[in-house]
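Just so we're clear, the structure is a prediction, and the values are computed from it rather than from any experiment.
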Amino acid sequence: MGIKTADNDDSIPYAICLPFRERIDDSDIDPSFLDRFPLSFVKKNLVFPLKVEDGRLIVAVASPKSLYAVEDMGRSIGAPVSAVLAPQDKILEAINRHYERLSGSAQEVVNELHGESLDVIAHQFEEPKDLLELTNEAPIIRLLNSLLFQAVKERASDIHIEPFEREVDVRFRRDGALSSVLSPPKVVQEALISRVKIMSGLDIAEKRLPQDGRIRLLVAGRDIDVRVSVVPTTFGERVVLRLLDRKGAGVSLQEIGLSAAQTEAMDGLLRRNNGIILATGPTGSGKTTTLYAAMNRINFHERNIITVEDPVEYQLRGVGQIQVNTKIGLTFARGLRSILRQDPDVIMVGEIRDIETAEMAIQASLTGHLVLSTLHTNDAPSAVTRLVDMGVMPFLLSSSLTAVLAQRLVRVVCNNCREEYSPTEAELTVFGGRAPKRLFRGRGCDKCMKTGYSGQTGIFEFMHVDNEMRPVILKNPDSATIRKYAASRGMRTLREDGLDKAASGITTLEEVVRVAEND
């Protein structure tokens, strides 16, 4: 199979036919040639060196127009080359996948710091096209870039830079668990934190007050949004960088871990024109991701969806998103009040924090709007008592609340090193009368960095507020009474949902016991 250039293409003065490859496998690549050609060169010309066949280096190209670059590659290595045509997306995928392996780790950069000036900080920062393209930069710049790149490569959600009396500790949060990755010299502390501030647009002279900022990066072809938090501590400023993959907004309800029955129930509620659906749980339990998944489910041209968030974590196409700014008085309540004048069908409020926001959300639901929001409670029944404690009248709550979805995140067993085993007697007692004959765990491998886990999923407690439950809420009962009634109506607890996921091999019993409290 080949391709022929157009007769009127002046860039290639003659017709050319090239062999065609639909894919580029690892077996087609000789890594020893990769460091011979800079990343900027192969990306600009959309070429990728493969391996030597019959004495000639084979180079994949996206277009015959890249043949001049292929000739340059041949002159560079002093050997004959041949070109094959490949899809552009396959070439870019190969470039991002293989060139990232050439980048040094943060520890390697720290090892190179000895003897270099640590006060060289670039105050004029130009955002790179890709962090992989940065080479021979000032040591502090290379150190931070290596940390960011390594965090993305290892699927870390957060980077913690923590100063202590005699050392600096850098930790990554991977799949919900923190682990130390680096201990740079104490002398780099000020320069490293100043570099973070410069990149995130913060005041490097202000070291007494907390500051928040953000950085947008492209790392190995992935668009990453980094939220930066800086707070003063006894031994210097402490920095936490939260990494958000901008593709994360496209998840579905099934992908976050909802069962088929829970997804079906949510679909029915999301098709309604009114009511309040709450996602509850502690910080970092995935509540916002759940709301984004719900909005993806109903994001049609026929519906006007507006959100008020703090901060706006992901950009959703077709959704109007408002960023809370308390410095100028733009609170959740004020933003919600303004949203109601925009003729919305669906409203998402990032968090209900006070009685004013709660009452506005209830009024919006009672006047024909579907409202999605989050609340900090330990379980689903506690959401009712929490709102009543805020000052919401029970009769308003019983007529507006339609569902509460409590959730936690558990780590997923690594598929690469997953193995089954027979549970012990102690483990079987946790399951009660539903004890499985086998359970699963990860042995630990290079792909999961010896942890036995790779990725996270949710366990859920779905409480549907139906017509039979509304009179119960109207009586203002405690959360135990609501829980007992909801369980009689078929509500599965967080622990029960987690045990089902452990029995099916999605997670481990150890994770469920760690995350879900005993009912």
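Taking the side chain as every heavy atom from C-beta outward, Asn299 and Ile305 approach each other to under 4.5 Å.
Minimum heavy-atom separation, Ala516 to Ile459: CB-CD1, 4.1 Å. For the residue pair Thr233 and Pro163, the shortest heavy atom distance occurs at OG1-CG, 3.9 Å. In terms of heavy atoms, Thr280 sits closest to Ala383 at CG2-CB, 4.0 Å. Nearest approach of Val413 to Arg441, heavy atoms of both residues: CG1-C, 3.7 Å. Scanning both residues, Leu409 and Gly286, for their nearest heavy atoms gives CD1-N, 4.1 Å. Of all heavy-atom pairs spanning Leu375 and Ile352, the tightest one is CD1-O, 3.4 Å.
Taking NE2 of His464 as the start and CE of Met469 as the end, the distance is 9.0 Å to the nearest 0.5 Å. Here CZ of Phe440 is found 12.0 Å from OG1 of Thr507. Values are rounded to the nearest 0.5 Å. Within the model, atoms OG of Ser338 and CE of Met360 stand 8.5 Å from one another, a figure rounded to the nearest 0.5 Å. To the nearest 0.5 Å, atoms CG (Leu291) and OH (Tyr314) are separated by 12.5 Å. Between the CD1 atom in Ile306 and the NE2 atom in His369 there is a gap of 9.0 Å [rounded to 0.5 Å].
Every residue two or more places apart in sequence or in another chain that forms a side-chain contact (heavy atoms from CB on, under 4.5 Å) with His160 is listed here: Asp158, Glu162, Arg171, Arg173, Leu178, Arg238, Val240. Here Asp345 pairs with Arg303, Asn304 under the side-chain contact (heavy atoms from CB on, under 4.5 Å) rule; sequence neighbours left out. A search for side chain to side chain donor-acceptor pair (under 3.5 Å) contacts involving Thr290 returns Gln407, not counting sequence neighbours.
For the side-chain contact (heavy atoms from CB on, under 4.5 Å) test with Met491, the passing option among Glu496, Glu461, Lys484 is Glu461; the others fail. A side-chain contact (heavy atoms from CB on, under 4.5 Å) with Met463 is found for one member of Thr493, Leu278, Val384, Leu405 and no other, namely Val384.
Tyr421 does not carry Arg438 over the face of its six-membered ring by the limits of under 6.0 Å from the centre and within 45° of the normal.
Without hydrogens or angle criteria, Thr402 side chain to Ile276 main chain gives a donor-acceptor distance under 3.5 Å. Remark: the backbone N or O of Asn378 is paired with a side-chain donor or acceptor of Arg408 at under 3.5 angstrom.
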